[in-house]
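Each chain gets a letter, A, B and so on, in the order its sequence line appears, and its residues count up from 1.
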Number of protein chains: 2
Amino acid sequence: MRKLSGTSGLLLGMISVKGRQTGYEIKRLVEVSTRFFWAASPAQIYPELRRLESDGLLTSAEEPQGGRARTVYSVTETGERALREWLTESSAPGFELRNESLLKLFFADALPAEEQIELVRAMRAKHEAILDGIRKATPAYRPDRQFGYVSWLYGLGLHGWIVDWCKQLERDLAAGSMPLGPEEGDSSASRAG
Amino acid sequence: MRKLSGTSGLLLGMISVKGRQTGYEIKRLVEVSTRFFWAASPAQIYPELRRLESDGLLTSAEEPQGGRARTVYSVTETGERALREWLTESSAPGFELRNESLLKLFFADALPAEEQIELVRAMRAKHEAILDGIRKATPAYRPDRQFGYVSWLYGLGLHGWIVDWCKQLERDLAAGSMPLGPEEGDSSASRAG
DNA sequence: TGGCTCATGTAAGCCGTTACATGATTTT
DNA sequence: AAAATCATGTAACGGCTTACATGAGCCA
């Protein structure tokens, strides 16, 4: 059994949880749920569904609606087993981050004070926009989908923390209370948690 | 002037801040600083340095040490300007995250309770390892490199927050205090910040 | 009639990783 | 003498984004 990639686990998982799905339906589901920590575009979804089918983890049925083509996928027994294996396999799950705001902040010493603050403001705006997106995607609470709710809370909490961190840094910069040495553990310590 | 990618900004920034550098030196610098939010491998660094040189943003000098080839790069005037433009350009800086632990947690409802907790433990272990790496990379404090220190604090704070979130969830799961409805805003509210 | 949503897909390209290869020099 | 570090690179591949293309059905 080929090891599942994150994206194939995502597709398999969505179909398993929601039942029979088209690629388009999965795309919409992803947009209001996992996209904040695992995105997937049509150019990934459609070919990957076919691959999963040819591997025997999915079956498909052509169910056109009127003259409109439509392919509905279901998870096979083998697919369910593969999903559970993926969920519980003990290989270290990846955490990949590319944060360009922070990269710029890293080099901000060369900038004038006003532009330093502007960098932090732009970073905060970014995460406030993400927070908006997460809030709009509030999951309907269902006792059989608790972990959907839990990961939604994670998004709120994480980006909320970042926004607060930015606000604190903006205050410090505006007050000119930088330089802060590593031993002056007041606001910096609160930021470091 | 070609718009700089994050990675070219990184290279330009490192050479600008630290002065003349070889690719190898940059690789080591990245490993103890930006790699927690912006990684770069040799297979990116060496070709990109050449591209930046052919674009006139860097100059190189062959400075072999004994019989060992060595190419030292410096930032040109044009390069310094490009770096400042990149730092202050107002295009929204990207934030990309791929969190496979959280993706698995999202689908955890189907698992037995013990395996749910195991998932959270694995997630916490991951971030504790990252925290270790960040702590080991403590930057020497220098007043002219405050933002190097600030972004280090960010890493500590962010991953510290995640570890705490995992611990809280582990407690909730162990106590069986899930299901938690959206209106019972005690521990869940504290997690959401 | 025009625009939106449903629905499926492809092509080109960027970005990045893993793994490998080479060889000198320094340290143990 | 062996192992680690310095130093530079390439080949193959995987994964993902952007942009495009097609066409049906639905609604104002």
Does the ring of B:Phe106 carry A:Arg145 above it, NZ/CZ under 6.0 angstrom from centre and within 45° of its axis?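 The answer is yes; both the distance and angle limits are met.
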Give a yes or no on whether the backbone of [Y] and the side-chain of [X] come within a donor-acceptor separation of less than 3.5 Å.
X       : Y       : answer
A:Trp86 : A:Lys3  : no
A:Gln44 : A:Ser41 : yes
A:Thr76 : A:Gly56 : yes

Euclidean distance, atom [atom1] of residue [X] to atom [atom2] of [N] [Å, nearest integer]:
X        : N      : atom1 : atom2 : answer
A:Leu52  : D:dG15 : CG    : C1'   : 15 Å
A:Ile45  : C:dT8  : CD1   : P     : 10 Å
B:Leu97  : D:dG15 : CG    : P     : 18 Å
B:Glu31  : D:dT5  : CD    : C1'   : 13 Å
A:Arg70  : C:dT8  : CZ    : P     : 7 Å
B:Glu100 : D:dG15 : CD    : P     : 11 Å
B:Glu48  : D:dT8  : CD    : P     : 16 Å
A:Tyr46  : C:dC6  : OH    : P     : 11 Å

5' precedence on DNA chain D between B:Arg28 and B:Tyr73 (nearest-nucleotide basis):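 Closer to the 5' end of DNA chain D: B:Arg28.
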Go through the side-chain N and O atoms of [X] and [Y] and say whether any donor and acceptor fall under 3.5 Å apart.
X        : Y        : result
A:Asp164 : A:Gln168 : no
B:Glu62  : B:Thr71  : yes
B:Gln65  : B:Arg68  : no

Please determine whether a side-chain nitrogen or oxygen atom of B:Ser5 lies at a distance below 4.0 Å from atom OP1 or OP2 of C:dC14.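 For C:dC14, OP1/OP2 do not have a side-chain N/O of B:Ser5 under 4.0 Å.
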Side-chain N,O (B:Tyr24) to OP1/OP2 (D:dT8) below 4.0 Å: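 No, B:Tyr24 has no side-chain N/O under 4.0 Å of OP1/OP2 on D:dT8.
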Euclidean distance, A:Ile26 CD1 relative to A:Ile15 CD1, rounded to 0.5 Å: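 Result: 4.0 Å between the selected atoms.
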What's the spacing between B:Lys104 NZ and A:Ser151 OG if we round to 0.5 Å?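 Here the rounded value is 14.5 Å.
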Name every residue in residues 13-22 of chain B that has at least one heavy atom under 4.0 Å from any atom of DNA chain D, in order of residue number, or write none if there are no such residues.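 Heavy-atom cutoff 4.0 Å gives B:Thr22.
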Quick one: what's the B/S/- string for nucleotides 17-25 of chain D, heavy-atom cutoff under 4.0 Å, read 5' to 3'? BB-----BS
